[in-house]
Structure formats: C-alpha cells, structure tokens
Trainee: 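Next up is a structure, given as structure tokens.
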Amino acid sequence: MTLREGAASALDADVQIMRGSGFSLQAQVSLEPGEIVAVMGPSGAGKSTLLAAVAGLEPLSRGAVRIDGCEISSPQRIAPAHRRGVVLLGQDPRLFPHLSAAANVEFGMRAQRVSKADARAGALSWLAKVGTVDLADRAPAQLSGGQQQRVALARALAARPGVVLLDEPFTALDPETAAGLREIVHAQVHSTALIVTHDAVDALAIASRLVVIEDGEVSQAGLVREVFAAPATRFVASLAGRNRVTEGIGGSYLGQVAIFKPADVQILAHQRGGSWRARVTRLEQTLVGVRLHTESPAVAVDIELEDLAEREIAVGTTLELWVDPQRVRTLTNA
Amino acid sequence: MTLREGAASALDADVQIMRGSGFSLQAQVSLEPGEIVAVMGPSGAGKSTLLAAVAGLEPLSRGAVRIDGCEISSPQRIAPAHRRGVVLLGQDPRLFPHLSAAANVEFGMRAQRVSKADARAGALSWLAKVGTVDLADRAPAQLSGGQQQRVALARALAARPGVVLLDEPFTALDPETAAGLREIVHAQVHSTALIVTHDAVDALAIASRLVVIEDGEVSQAGLVREVFAAPATRFVASLAGRNRVTEGIGGSYLGQVAIFKPADVQILAHQRGGSWRARVTRLEQTLVGVRLHTESPAVAVDIELEDLAEREIAVGTTLELWVDPQRVRTLTNA
Amino acid sequence: MTIASRSLKPGYVPQVLMIPAFLGLALLVVPLSALVARVEWATLWRDVTTPEALSALGLSLGTGALATLICVVFGVPLALLIARSRPRTAAILRAAVTVPLVLPPMVGGVALLFLFGRNGWLGQLLAEFGVSITFTTTAVVLAQTFVALPFLVLAFEGAVRATGTDYEQTAAALGAGRWTILARVTLPLAAPGLVAGVVLCFARAIGEFGATALFAGNAPGVTRTMPLAIYTAFNGAGVTQGTAVALSLLLLVTAIAVLLLVRAWRPGSVR
Amino acid sequence: MTIASRSLKPGYVPQVLMIPAFLGLALLVVPLSALVARVEWATLWRDVTTPEALSALGLSLGTGALATLICVVFGVPLALLIARSRPRTAAILRAAVTVPLVLPPMVGGVALLFLFGRNGWLGQLLAEFGVSITFTTTAVVLAQTFVALPFLVLAFEGAVRATGTDYEQTAAALGAGRWTILARVTLPLAAPGLVAGVVLCFARAIGEFGATALFAGNAPGVTRTMPLAIYTAFNGAGVTQGTAVALSLLLLVTAIAVLLLVRAWRPGSVR
Amino acid sequence: TSTETGEASGSFASDDDLSGTLTIAAAASLGAAFDQITVDFERQHPGVTISPITYDGSSTLATQIVEGAPIDVFASADEANMQKVVDAGLASNPVDFATNTLVIVTPESNPAGIETLADLAEPAAAVVLCAAEVPCGAAAHTLLANAGVEVTPVSSEQNVTAVLTKVEAGEADAGLVYATDAAGVADVLTIVPEGAADVVNTYPIAALSDSSNSDAADAFVAFVASEEGQKLLADAGFGSP
Ligand SMILES: Nc1ncnc2c1ncn2[C@@H]1O[C@H](COP(=O)(O)OP(=O)(O)OP(=O)(O)O)[C@@H](O)[C@H]1O
Ligand SMILES: Nc1ncnc2c1ncn2[C@@H]1O[C@H](COP(=O)(O)OP(=O)(O)OP(=O)(O)O)[C@@H](O)[C@H]1O
Ligand SMILES: [Mg+2]
Ligand SMILES: [Mg+2]
C-alpha cells in the first residue's frame with residue numbers, strides 16, 4: 001500500500017505505550033476515510049506521542065495501528081515509512097534545509113512520480129494557498145518561523161497522503177493567518193486527518209470529532225460541540241470557556257455538575273438564594289474586560305473593566321456570587 | 001557591563017535592517033527599566049528579526065541598540081554576547097541537549113558564579129514555577145514540546161538578565177498552562193522584557209505597552225488598551241476582536257473610521273437607515289456561535305448557531321446588516 | 001536554520017587558545033618550509049619537467065583519482081551501513097575499518113601481496129583466468145584504495161550519523177523510496193562530510209608509498225607514482241637530493257592546488 | 001532531540017547497497033586475514049614476547065599516547081580556529097593542515113630532519129642550548145605528532161562546524177564567558193568528533209613509520225617503535241618473515257583492543 | 001675513567017684505556033655479520049659498550065648523519081653514500097672492508113627455468129631488479145651490460161629486500177640480489193651467474209670525525225678490517241676488498 005492520489009484512508013489506532021520515565025499512554029481512535037478529528041490536552045499529556053505512534057515513529061507496547069485495515073504498526077513490527085501512507089507534520093516543521101520552499105513542497109509529489117512540471121505547478125498552488133508563494137525560491141533558513149510552518153503544512157498536504165497528522169499546525173501564526181489556514185485545511189484536505197491543537201476554535205472550525213487526552217488517557221471524546229457542551233472534566237470545560245462546578249455553589253446543584261459561562265456569573269451586593277461566597281485568587285485581563293478566578297469552588301467570573309474599579313476588586317477580596325439557574329446547564333455527575 | 005542580579009536595564013533600540021530578500025525592518029522601541037512591552041504582527045512582519053537585532057544576533061544596517069545607555073550593537077560593531085546583558089528565548093527553545101532540564105536552568109546562574117547548591121535550588125524553584133519540577137533530571141529530548149518551552153522559559157528568567165526577549169513563549173501550551181505562565185512572567189520577572197505574541201490576551205495581561213509591526217514597520221504603538229480601543233489598521237482591529245471599517249457601511253461614517261464588535265452587527269429582514277448589503281464569503285465556527293465574514297466592506301458578524309440555521313445563511317448569501325450607532329466608536333481617518 | 005545562525009560573529013573561542021592553535025599550525029607548516037628552503041631553484045624547473053617526473057605525476061593523479069572513485073563506490077555504502085547499525089555493531093565495524101590506518105603501509109602491502117600474489121588465495125584464482133595483478137597499475141590503485149578507504153568511510157560515516165534519521169523519516173512518510181531518500185536527502189545533507197572524506201581519501205592515495213612499493217613494485221610509467229619517484233631520487237647516488245626535494249615540492253603544490261580546487265567546488269553549504 | 005529521533009528503525013538505506021558495503025569491508029579485512037594466515041603459530045608466542053618486541057610495543061604505546069596528547073593540546077585549538085574562521089580563511093588553513101597527509105611520510109621525515117637537524121633552522125638554535133632532538137624518543141613523538149595532527153584537526157573541526165554556534169550564542173547570552181562556553185557547551189557537543197579524532201590520531205601515530213625512520217632513526221629501545229621493529233624484522237637476513245608477521249599481528253591486536261576500549265568509553269552520546 | 005678492565009679474555013693485547021659507548025650505523029645487509037662482530041669486539045674491549053646498531057638503507061643513514069645523527073661509525077653498502085658523508089666533512093679516509101657480488105635468485109620451483117643471465121631476457125620471465133639509482137641496481141645493470149643481456153624488469157625495487165620478497169612470494173620468476181642477502185633465505189634457489197665476480201660492490205667504513213669517542217671508533221674500524229673481522233664477514237658471505 002502506497003500513497004494514493006487524494007484517496008483518504010480509514011484509520012484505526014489502538015495505542016498503548018509505556019515509557020521508562022513512568023509516562024504511559026493509552027488511547028484508541030478510529031477515523032472514517034476523510035474524517036477530521038481534533039486532539040486536545042494539557043502540555044505533556046501525550047498528544048505528540050499518540051501522533052508519533054500512529055505515524056509509526058514510536059513503537060507500541062501493545063495495540064496496533066491499522067490503515068484501511070492493514071496493520072502498519074504493532075509491538076512486533078512497524079511497516080517502512082513509505083509503505084504507511086501517513087504523513088506527520090510535527091511540532092518542529094523540519095523542512096529539508098537544502099531545498100527551497102517550493103522544492104520542499106514538490107518533494108512528496110516528485111516521490112510519487114508526478115512530472116517535474118506538474119509538481120512545480122502543484123507546489124506553487126499550495127504555496128499560494130498558505131500565502132507564501134512569493135517565497136517559493138527561498139531556503140528554509142531564510143523564512144520566518146510562521147512562514148516555515150506554513151510551507152511545512154503545504155508540503156504535508158501536497159503529498160495527499162491517506163492520513164495526515166498535524167501537530168499544532170497553527171500555533172506560530174497570528175490569528176488572521178491562522179484563520180485562513182484553518183479554512184484551507186477544512187475545505188481542501190481530502191486526507192483523513194488527526195490534528196493536535198490548543199485552540200478550541202480550531203477544533204470547532206475544522207474537526208467533526210474531538211478527542212481529549214489528559215495524563216495519557218482519553219478523558220472525553222465525541223462530536224466537538226457535544227464535548228464542549230457537556231465537558232467531562234475541568235480541563236475540557238476551560239477549553240470550552242465554561243465553568244464546571246460539582247459542589248459549593250449554593251447547594252442547588254448537589255450531586256450534579258453545573259456548567260456555565262464566566263460571563264453569566266453575577267456579583268451581588270448581598271447574599272440571596274443560591275448565591276455563594278468566594279475569594280478572588282487571580283485577575284486576568286481579557287479582550288472584553290477582566291476575568292476573576294475564585295477558589296473553593298474554582299470559578300471564573302468575567303466582568304467589565306469598569307466594574308473592577310467601581311467595586312474595588314483585588315486579589316483577596318471576598319465576593320458574593322450568583323448565577324441565574326436558567327443559564328446553567330446541569331449534567332448528572334458520572 | 002555584565003548581567004546584574006535582578007537589576008532591570010533600560011533598553012533603547014533603533015533598528016534598521018535591510019535584507020537581500022527585499023525585506024527591510026525599521027523599528028524604534030524604548031523601554032524603561034522593568035517595563036514589559038508586547039510586540040505583535042502578522043507572520044513574517046519582522047518580529048523575530050527585531051528581537052534578534054536587539055539581542056545582537058543580527059547586524060544592524062543603521063541605528064543602534066543601547067542598554068542602560070551603553071551601545072551594544074551598531075552597524076560597526078556588536079558587543080560580545082556575555083557583555084550584552086540580554087537573553088533571547090527564541091521560537092526554538094534551544095535547550096542544551098547534553099544537559100538535564102535542571103542543569104539547563106542552572107546554566108545562567110552557574111555562569112554568574114552562583115554556588116552549585118544555590119543554583120540547584122534556584123533552578124528547582126523556577127522549574128516548579130513553570131510546572132516541570134518533576135522533570136528536573138530529564139534530558140531535553142525526553143520532554144514534550146510544551147515542556148521544553150517551559151524549561152527554556154525558566155532558563156531565560158533564572159539568569160535574571162537586564163533585558164529578556166521572549167519570542168512567542170506560550171504558543172505550544174494549552175490555555176490553562178499558558179495562563180499560569182503569563183501570571184508568572186507578569187509577576188515574577190524583574191527584567192525589562194520584550195515579548196512577541198500572537199495572543200491579544202498575552203499583551204493585555206502582561207504588557208504595559210504594545211508595539212504592532214506590519215511589513216517591517218511599526219504600524220501602531222502605545223498603551224495596550226488604547227491601541228486595542230483605537231486600532232490604526234485592520235490587523236490591529238482584528239487582534240482586538242473588532243471590525244474596522246472606513247467606507248461602505250451605509251454612508252453614516254464617511255471620512256471616519258468605524259470600530260465595532262462583530263457581535264454588535266445585526267442581521268435585518270429589511271433595509272433601514274444606516275444598513276448595508278453584503279455578501280457572505282466565509283463562515284467560521286467560534287466558541288459561542290458562528291462568525292460570518294462578508295465582503296465590501298470586509299466586516300465580521302457574530303451570530304448564534306441557531307440563527308444560522310433559522311436564516312439559512314451560507315456562503316454566497318446576501319444579507320442586510322446594521323449596527324447600532326451607539327455601539328460604534330468613531331475615529332477620524334488619519 | 002534559525003535567525004541565530006545568520007550571525008556573522010565568530011564563535012566564542014577563548015583568545016588565549018590562538019597561541020596553541022598557531023603553534024599547531026606551525027608544527028605542520030614550518031617543516032615543509034624547511035623543505036622548500038632546500039629547493040635548488042636553479043635546477044628546479046628542469047627536475048620537475050623531466051618526462052619521468054611528469055609521467056609519475058600523471059600516474060599519481062590518475063591512480064589517485066581512480067582509487068578515490070573506487071573508495072566512493074564502496075566506502076559510501078559501507079559508511080551508510082555503519083552509521084545505521086546498532087551502536088555495538090557499529091563500534092566493531094568501525095574498528096575493522098580503522099585497522100588499516102594503524103598498520104604501517106608496508107605491512108598492508110605485504111598483506112595485499114599475500115592475497116593477490118601468485119600464491120595468494122585470490123591471486124591463484126585470478127591466475128586461472130590469466131589475470132595477474134602485481135606489478136600492474138591495477139595493483140597501485142588497489143594499494144591506494146586499501147590505505148585510503150578508511151578515511152572516506154570514517155569521515156562520511158560521521159557526517160551521516162550527525163545528520164540523524166529525522167529527515168529521512170520525513171521523506172519516507174512523504175512517499176519517497178529508499179533510493180530517492182538516498183539521492184535527495186541523505187547524500188545532500190551529508191555532502192560536506194562526503195567532500196571532506198573525498199579530500200582526505202585522495203590526499204592519502206596520492207601520498208601512498210609503502211604498500212605500493214611492496215605490492216605494485218616500481219616500474220616507471222606503470223607503477224612509479226610520485227612518492228616512489230621521490231624515494232628513488234632520494235636513494236639515488238646524487239650528493240644533493242635536489243631532485244627528491246624538487247619532486248616533493250611538485251607533489252606538494254599539486255596537492256594544495258587540488259585541495260583548494262575541491263574546496264572551491266563545495267556545494268551550497270547546508271548549514 | 002525530538003520524538004522522531006527516538007525511533008528504533010534503521011535509516012532508509014537501499015538494501016542493494018549492502019553488496020558494495022560488504023565488498024568494501026572485505027577489501028579492508030580480507031588482506032589482513034591473508035596476513036594472519038601466514039602467521040607461524042609455533043613461534044608466534046616466542047616472537048611476540050621477546051624483550052625487543054615488548055620494548056617496541058611499550059615504546060609505541062607510550063610515544064603514541066604522548067603524541068596524541070600533544071595533538072589534542074594543539075589540535076583542538078587549531079580545529080576551533082578553523083571552524084570559526086571565514087570560509088575562505090578556513091579553506092586555506094584546512095589545505096595547510098591537509099598537506100602532511102599528502103606527502104609520503106618519508107618526505108615529512110626529511111622535512112623534520114631539515115628543520116631540527118644539525119643544519120636546520122631550529123636544530124642550530126637548539127644546539128646552542130645543548131639540546132639535540134633528532135634520533136631521540138622526542139623525535140619519535142614529534143614525527144608521530146606531525147603525521148597524526150591533521151587527523152585530529154580535520155575530524156574535530158568537522159564536528160565543531162556541524163554543531164554550529166547557536167548553542168554558544170545562547171550560553172553567552174546567559175552570561176557564560178568564553179572558557180565556560182568551551183568547557184560546558186562547545187566541547188561536550190562536539191565530543192563524538194573529538195573521540196573520533198583522538199582514535200584516528202592515535203591509530204596513525206602508532207602506525208607511523210616513514211617519518212620516524214628518517215627523523216628519529218631506528219635505535220632499539222629509543223626510537224624503534226613497532227613499525228620499525230616490523231621493518232627491521234622484515235629486512236633482516238632471517239629465513240622467513242615469521243617474526244615480522246608475528247609483530248604485525250601484535251600491533252594489529254593491540255590496536256583493535258585500544259580502539260574498542262576507546263569506543264566503549266564513549267561519553268553519553270549527544271544524539 | 002678506568003672501569004673494571006680485568007683480564008682481557010681476547011688474545012690481542014688490549015690497549016685498554018678504551019671505554020664508553022659506541023653508536024654504529026650500518027647498511028641493512030651487514031646486519032647478521034655486524035651483530036657477531038659487535039659481540040667479539042665487546043669481548044675484547046670490555047670497557048666499551050656498543051649500543052644496538054642502527055641498520056637501514058645506506059642512503060637514509062647518510063642523510064641522517066649529515067643532518068646530525070650522533071653516530072660514531074658508519075658502514076655503508078656503497079661508496080657513493082660514504083662520499084656524501086665525506087663531502088660533508090664528517091669523515092675522512094674511509095676504509096673498504098668488504099665486497100659483495102650478485103647472484104640470481106628464483107623461487108624454489110624455478111618456474112621459468114632460469115639458469116643463466118641470458119635466461120633473464122626471456123620475455124616470459126618476470127624479473128625484478130633493484131632500481132638503477134640504488135647500489136644493488138647499479139651493480140645489476142653493470143652485470144647485465146657486461147654480459148650483453150638486455151632485461152626489462154617488471155619492477156625496479158627500492159632495495160634488495162623488496163626483490164627478495166617478491167621472488168620468495170613467487171611473484172617474480174627471478175631477481176638479482178647480493179649473495180649475502182640470498183645466503184640466509186631458505187625457500188629460494190641461488191644461482192651464481194657467470195661474470196659475477198667482475199661486478200664487485202665495495203663496502204666502506206669510517207669513524208666519524210665528530211665522534212665523542214673517536215679512539216673506540218677507530219678501534220672498531222680497525223677491528224672490522226682485521227683478520228678476525230674479515231673472517232666473520234666471510235662467514236656471512238662477503239668477499240674481502
Ligand atoms: N535569513 C533570511 N534571509 C532573508 N530573509 C529572511 C531571512 N530570515 C527571515 N527573512 C524574512 O524576513 C522577514 C521577517 O522575518 P521574521 O522572522 O522577523 O518574521 P516574524 O515577524 O518573526 O514572523 P513569524 O511570526 O512568522 O515568526 C520575513 O519576511 C522573512 O521571510
Ligand atoms: N523520549 C522520552 N522519554 C521519556 N519520556 C518522554 C519522552 N518524550 C516525551 N516524554 C514524556 O511523555 C509525555 C508525553 O509527551 P508528548 O510529547 O506526547 O506530550 P504532548 O501532549 O505532545 O505535550 P505538548 O503539548 O507539550 O507538546 C510527557 O510527559 C513527556 O515528558
Ligand atoms: Mg506535543
Ligand atoms: Mg518569528
């Protein structure tokens with residue numbers, strides 16, 4: 001099995017990896033041909049390890065990786081890379097330093113015997129899509145960090161692999177450029193794709209499903225909006241920009257999980273039914289104002305900048321908080 | 001002049017660089033001792049080049065870099081690195097591959113003749129701050145991308161340079177970890193700092209001032225909130241999450257610049273005074289709903305997910321748009 | 001690859017170290033100038049333009065180039081094999097490759113004679129096909145190859161190992177087969193090491209004396225390379241050794257010219 | 001340094017290339033086995049344990065080690081100098097360093113003799129202080145240093161250049177002075193190249209024959225190293241070359257032992 | 001400086017205020033003979049210690065001596081190299097002490113059936129000679145010229161050992177070497193060609209003028225030229241001058 005021209009492959013990975021350092025990863029993901037799935041998780045959770053395992057760069061302790069039903073990696077053997085049909089764009093763009101940007105993008109096509117002229121045309125069109133066509137003849141060393149990342153993305157996509165693995169492909173980019181690329185990946189990639197990202201918008205915009213990995217294990221998986229709507233852990237809730245509280249907010253949600261937006265929390269002058277007292281531990285500026293972080297329970301509260309001054313809130317202040325039950329989504333505690 | 005224990009230096013950089021590739025950078029930044037200034041700009045605008053020039057790694061074509069009044073770089077000569085008192089944490093963490101995480105962080109202190117024991121203690125405390133103290137004895141190759149970046153940040157800050165330059169220090173990190181580090185940089189760095197970032201929240205949370213570089217030139221500079229409140233270019237407006245429109249929205253703002261939030265744009269069923277027609281060119285998912293991008297004029301519109309389905313909006317649909325003049329901030333066109 | 005590497009500044013070598021550095025350079029260069037000082041300029045031109053000298057020089061350059069070519073053909077795969085072996089295997093292979101360096105070339109010559117000679121294992125075999133190698137130009141090339149091959153292998157192996165396999169993995173994932181990877185990734189990335197290896201290899205080949213003298217003999221025009229011509233002149237009955245010195249100078253100048261030429265060819269450096 | 005480099009997979013070397021690789025290996029190893037085949041096992045032990053043989057071996061190892069040490073002291077700074085010079089300067093320096101490789105060692109010996117000998121520039125100077133170097137053990141060490149230094153310099157220079165200056169810049173920015181950078185960054189990062197250079201250098205030093213024979217002479221116990229002992233045994237009027245072959249074997253085995261030992265010492269590899 | 005003179009065991013009257021050490025450089029072909037001569041000389045002059053002799057090609061030795069090698073006595077295999085030393089003012093009045101003649105050597109099986117000098121001209125026979133530039137080569141060419149035989153050698157070797165090695169190894173069918181060199185070698189056939197006696201190579205020896213022990217050096221030279229010395233050389237196959 002080699003790379004097929006634009007034919008997306010089914011991916012079925014059951015990955016178990018034990019590292020000497022004590023870290024172990026256990027994750028299972030299956031993708032339909034053409035499906036795009038996002039992978040999110042805290043730093044060091046094992047996202048890159050999962051991608052490396054799927055790409056056949058990291059040997060498995062147990063499990064197997066199958067592409068279109070064909071085993072490409074198992075604890076016993078790993079198929080040679082050019083037989084795998086998987087392209088990994090790692091956290092490091094790893095452009096071939098001796099080739100120009102265009103030659104880097106041509107590489108995959110040339111290797112698949114596309115004619116020189118066609119490969120060149122294809123490369124230029126991909127470079128144009130990622131906005132670096134005027135840099136086609138530059139050496140990678142003469143590109144900025146974000147430009148390198150874009151060329152590497154073009155190279156990975158231009159090879160039209162059955163499965164493409166992208167490890168934080170938009171991190172080094174400004175929001176405008178990132179939005180453009182997101183669009184391209186969403187619309188123009190015909191490969192099956194697994195995308196590691198730290199940005200919830202990426203997952204929403206590109207992926208159909210989301211897999212969240214925490215500490216080497218899948219903590220939640222499902223359709224992106226559903227995961228964000230019903231976050232199973234505090235980390236997932238924070239990704240979705242929500243509070244996730246299991247106790248301590250006025251007793252009303254005993255035995256339940258309360259999910260609500262930081263903007264929906266109100267600061268009261270006086271205690272009332274369903275309100276609770278909490279101490280401010282941290283202030284964080286946001287685009288629209290300030291986010292207060294309070295402890296026991298850990299709740300984030302968004303307020304306008306003017307409110308902050310008016311109420312004389314600082315770290316250490318104790319506040320009376322309340323959230324309209326209508327704005328709260330409750331889940332049964334698992 | 002060598003590194004002084006925690007004494008922040010004044011930085012005064014007038015940087016002009018001409019590159020063979022046609023790119024030229026022209027930027028002027030001055031920082032008071034202890035001040036933190038953010039640098040933002042599109043990919044390839046020259047942010048890393050500015051930092052490299054300030055660090056003395058990139059020769060100047062014209063201008064000079066002064067630290068505490070002492071010239072460390074000019075077109076004629078560049079002071080040797082250990083005399084500069086500037087530490088650059090580049091886009092690549094560049095940890096010493098042969099030293100453990102702790103030894104990497106100790107490096108700067110040891111070089112400044114801190115005793116072995118004190119350096120070790122200092123390193124462990126910094127590693128704890130960035131959340132990687134349990135990885136102290138790991139080799140860099142055994143760390144995840146985000147862990148490497150955090151150790152590199154600890155190493156840069158532990159050296160307590162007069163000036164520290166951070167090039168996208170939080171990009172490879174999940175939002176929670178990033179928020180924690182932002183806090184640390186804001187509170188615990190006593191160096192003068194220049195921080196390149198793509199995230200407006202970084203600028204708001206950490207920096208007092210913001211310098212925006214576009215295409216090699218400073219397009220806007222000033223206090224962070226003021227820059228975001230009165231964006232001088234479309235790029236700055238997009239960073240601030242605002243529309244910036246100079247013409248075409250119903251004639252009411254002729255000769256002026258209108259600044260308004262995407263969420264304040266309303267979709268009307270019928271034309272009315274001050275409304276305008278625009279075609280949808282792109283849909284983008286966001287955490288709270290969907291963002292529509294329209295053309296001529298280019299305006300972003302945030303709507304709820306339900307609205308999208310209800311109104312049957314798709315790419316190509318033409319909409320009647322209106323924004324409440326009360327929600328618009330107007331600037332005189334420069 | 002990054003902004004830092006664009007720097008024009010030299011590295012951070014302590015300046016005191018320039019003293020031993022220049023002493024080291026002097027150690028290599030001053031003896032050669034002592035040699036040059038003994039040149040008899042009056043007869044120099046005549047000495048170096050005799051048909052014998054020119055034929056020896058031509059033979060040296062020809063056999064040296066051929067030996068280098070053979071070293072590339074066999075040494076590049078061997079270096080790749082070592083670079084990609086497990087550490088223990090690699091150490092053993094590397095030791096095997098280093099051995100010919102340790103042995104005085106004369107012993108190498110004897111070993112080759114024992115192997116390819118009329119009574120040698122291979123010699124007997126070849127003789128059945130009417131092929132005899134000793135005393136032929138082929139023997140010269142073989143002797144040079146034997147002594148020069150380790151240089152190519154060790155230099156290139158180091159470069160390949162330093163390059164690592166990450167780029168090869170990337171290329172393979174993009175669909176490139178082994179040959180494409182070799183031609184388009186491995187070789188270009190390790191090119192500086194290959195150039196260095198070729199230079200060392202050629203240098204050692206044209207300087208080779210001991211093994212050649214024993215294995216190939218010393219027939220003018222056939223096996224008398226420059227080093228043999230120098231030795232012959234040196235052993236000659238003449239009182240002044242002027243010819244030997246002149247020939248040494250010729251070899252030296254040619255070698256420097258070739259070295260500088262090859263360095264100039266250096267392909268667009270990777271780093 | 002990244003996840004990809006953790007891979008256990010070998011690189012992507014086309015398998016057909018194993019054929020020339022093994023042929024290359026055979027070219028180096030088979031002649032040596034032909035040599036071993038000629039060993040007269042009956043007298044081997046006696047031949048290699050004569051006081052002369054042992055004294056030659058001891059002298060070889062001692063002078064070889066000393067020469068290697070000197071090469072490190074002068075060669076490491078020289079390599080650093082070349083690695084950090086501008087390309088053109090570096091090419092010239094590198095050519096100067098390569099020249100002793102090209103010259104037949106005998107010519108190197110003559111050059112050293114012309115320099116340090118009675119009529120030589122330095123020889124005359126030293127004579128005024130009552131010091132004479134030629135034909136002493138010092139001369140052996142000098143001759144070995146002269147021929148072995150290029151190996152150390154070229155191997156180490158390559159490693160230093162490949163390492164680049166980025167880490168040095170980082171270290172300097174963190175406040176490290178030149179010596180700290182050298183000791184804690186440059187040398188550790190280029191350590192594999194230094195080890196390789198030391199191995200090559202030592203190998204060449206203990207195999208050195210031509211220059212030693214001329215410059216240091218062939219006095220047992222003083223300047224008769226293993227190669228000279230082999231040469232003497234080989235040239236002796238004895239009936240067979242048994243002793244010479246036996247001594248060659250002794251040198252060979254010692255060399256392999258030292259090589260494997262040094263490889264085992266290899267510091268925690270950087271990559 | 002009177003060391004334990006004791007009773008001289010030798011028959012000669014020992015003028016035994018000789019003492020100190022003696023450093024000798026001798027042509028490689030003298031190896032076997034000079035080792036024996038050393039033993040006898042030391043027995044006669046117990047005060048004198050002879051350092052292990054340096055044997056090498058005469059040309060190498062001559063160069064080294066001219067460049068300052070601390071040598072007391074030089075025994076050369078030819079007159080030309082001795083002349084270099086004399087010209088440098090380092091020796092005077094060298095004494096001829098031995099001669100050597102050429103022999104044909106072939107592998108034991110003598111595959112080319114060599115019997116006479118003329119057989120060497122046979123094109124089928126692979127013949128090796130010393131290079132014309134080195135003493136044994138000069139002699140060989142004279143010998144062949146005298147016999148009117150024209151030989152195209154497959155190789156002009158640098159020294160006698162190289163010729164012997166190739167014949168011994170069966171690489172060459174025949175070679176011309178000195179009688180003394182052939183004497184010790186078991187697996188070669190030695191043929192004394194006609195006219196060999198006419199081409200005589202003469203070995204001169206001299207005490208060097210800057211010797212730090214010229215008395216002992218002179219005594220050694222005298223000993224080599226003496227009857228006893230000559231006998232030892234004759235045993236090794238040398239002729240007398
Ligand atoms: N070595 C070089 N030679 C020529 N041009 C270069 C070189 N390095 C970078 N450039 C160009 O200089 C410009 C500025 O690069 P720089 O790295 O400063 O961008 P940046 O603002 O940091 O971008 P990013 O956000 O992508 O890292 C880019 O357009 C880039 O293509
Ligand atoms: N070579 C190695 N040896 C041992 N442990 C390792 C090695 N590489 C990574 N690890 C550990 O494995 C865990 C998972 O690493 P991985 O790179 O998959 O994280 P990640 O989820 O990609 O994080 P990030 O977002 O920071 O890139 C981390 O805790 C890391 O410390
Ligand atoms: Mg990662
Ligand atoms: Mg940058």
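What you see below is based on every heavy atom in this structure, not just the backbone, and it leaves out hydrogens, waters and symmetry mates. In what follows, every chain begins at residue 1, and chains take the letters A, B, ... in the order their sequences are listed.
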Trainee: Looking at every heavy atom in both D:Pro100 and C:Leu28, which two are closest together, and how far apart are they?
Mentor: CG-CD2, 3.7 Å
Trainee: Name the member of D:Leu23, D:Ile181, D:Leu103 that forms the most heavy-atom pairs with chain C at distances under 4.5 Å.
Mentor: D:Leu103
Trainee: Hey, what do you get for CG (D:Leu27) to CG (C:Leu112), rounding to the nearest 0.5 Å?
Mentor: 7.5 Å
Trainee: Quick one: what part of C:Ser85 sits under 4.5 Å from any heavy atom of chain D, side chain, backbone, both or neither?
Mentor: neither
Trainee: I'd like to check C:Leu252 versus D:Val102 (side-chain heavy atoms, cut-off strictly below 4.5 Å). Are they in contact?
Mentor: no
Trainee: Heavy-atom distances under 4.5 Å only: say whether D:Ala95 touches chain C with side chain, backbone, both or neither.
Mentor: both
Trainee: What are the two closest non-hydrogen atoms of D:Pro14 and C:Trp179, and how far apart are they?
Mentor: CB-CE2, 3.5 Å
Trainee: By a 4.5 Å heavy-atom criterion (distance strictly below it), what part of C:Phe202 contacts chain D: side chain, backbone, both, or neither?
Mentor: neither
Trainee: Determine the minimum heavy-atom distance between C:Pro20 and D:Val73, stating which atoms define it.
Mentor: CB-O, 3.8 Å
Trainee: Return the CG to CE distance between D:Leu78 and C:Met18, rounded to the nearest 0.5 Å.
Mentor: 8.5 Å
Trainee: Checking heavy atoms, do the side chain of C:Leu142, its backbone, both or neither come under 4.5 Å from chain D?
Mentor: side chain
Trainee: Measure C:Leu214 against the heavy atoms of chain D and call it side chain, backbone, both or neither at under 4.5 Å.
Mentor: side chain
Trainee: Which bit of D:Val16 comes within less than 4.5 Å of chain C, counting heavy atoms only: side chain, backbone, both or neither?
Mentor: side chain
Trainee: Any side-chain heavy atom of D:Ser248 within less than 4.5 Å of one from C:Val110?
Mentor: no
Trainee: Check whether any side-chain heavy atom of D:Leu182 sits under 4.5 Å from a side-chain heavy atom of C:Leu17, and report yes or no.
Mentor: yes
Trainee: With side chains defined as the heavy atoms from C-beta onward, is the minimum distance between D:Phe146 and C:Pro31 less than 4.5 Å?
Mentor: yes
Trainee: Tell me, side chain or backbone of D:Thr186 under 4.5 Å from chain C's heavy atoms, or both, or neither?
Mentor: neither
Trainee: Of the backbone (N, CA, C, O) and the side chain (C-beta and beyond), which part of C:Phe116 lies under 4.5 Å from a heavy atom of chain D, both, or neither?
Mentor: neither
Trainee: For C:Arg38 and D:Gly120, work out which heavy atoms get closest and say how close.
Mentor: NH2-N, 4.4 Å
Trainee: Which one, C:Leu80, C:Leu149, C:Ile256, leads in non-hydrogen pairs under 4.5 Å with chain D?
Mentor: C:Leu149
Trainee: Which bit of D:Trp121 is near chain C, if near means a heavy-atom gap under 4.5 Å: side chain, backbone, both or neither?
Mentor: side chain
Trainee: Quick one: what part of D:Leu25 sits under 4.5 Å from any heavy atom of chain C, side chain, backbone, both or neither?
Mentor: both
Trainee: Just give me the residue among C:Leu251, C:Leu93, C:Leu113 that pairs up with chain D most often, heavy atom to heavy atom, under 4.5 Å.
Mentor: C:Leu251
Trainee: Give the member of D:Thr145, D:Val29, D:Leu32 that has the highest number of heavy-atom pairs under 4.5 Å with chain C.
Mentor: D:Leu32
Trainee: Report the C-alpha separation of D:Val107 and C:Phe209 in whole Å, then their side-chain angles, then the decisive distance to 0.1 Å, and conclude whether the side chain to side chain contact (heavy atoms under 4.5 Å, CB included) test is met.
Mentor: CA-CA 11 Å; D:Val107 175; C:Phe209 166 69; over 6 Å; no
Trainee: Just so I know, are the side chains of D:Leu101 and C:Phe151 near enough to count as touching, which here means a heavy-atom distance under 4.5 Å?
Mentor: yes
Trainee: Most heavy-atom pairs under 4.5 angstrom with chain C, which of D:Val97, D:Leu247, D:Ile92?
Mentor: D:Val97
Trainee: Which pair of heavy atoms, one from D:Pro227 and one from C:Met106, lies closest together, and at what distance?
Mentor: O-CE, 4.3 Å
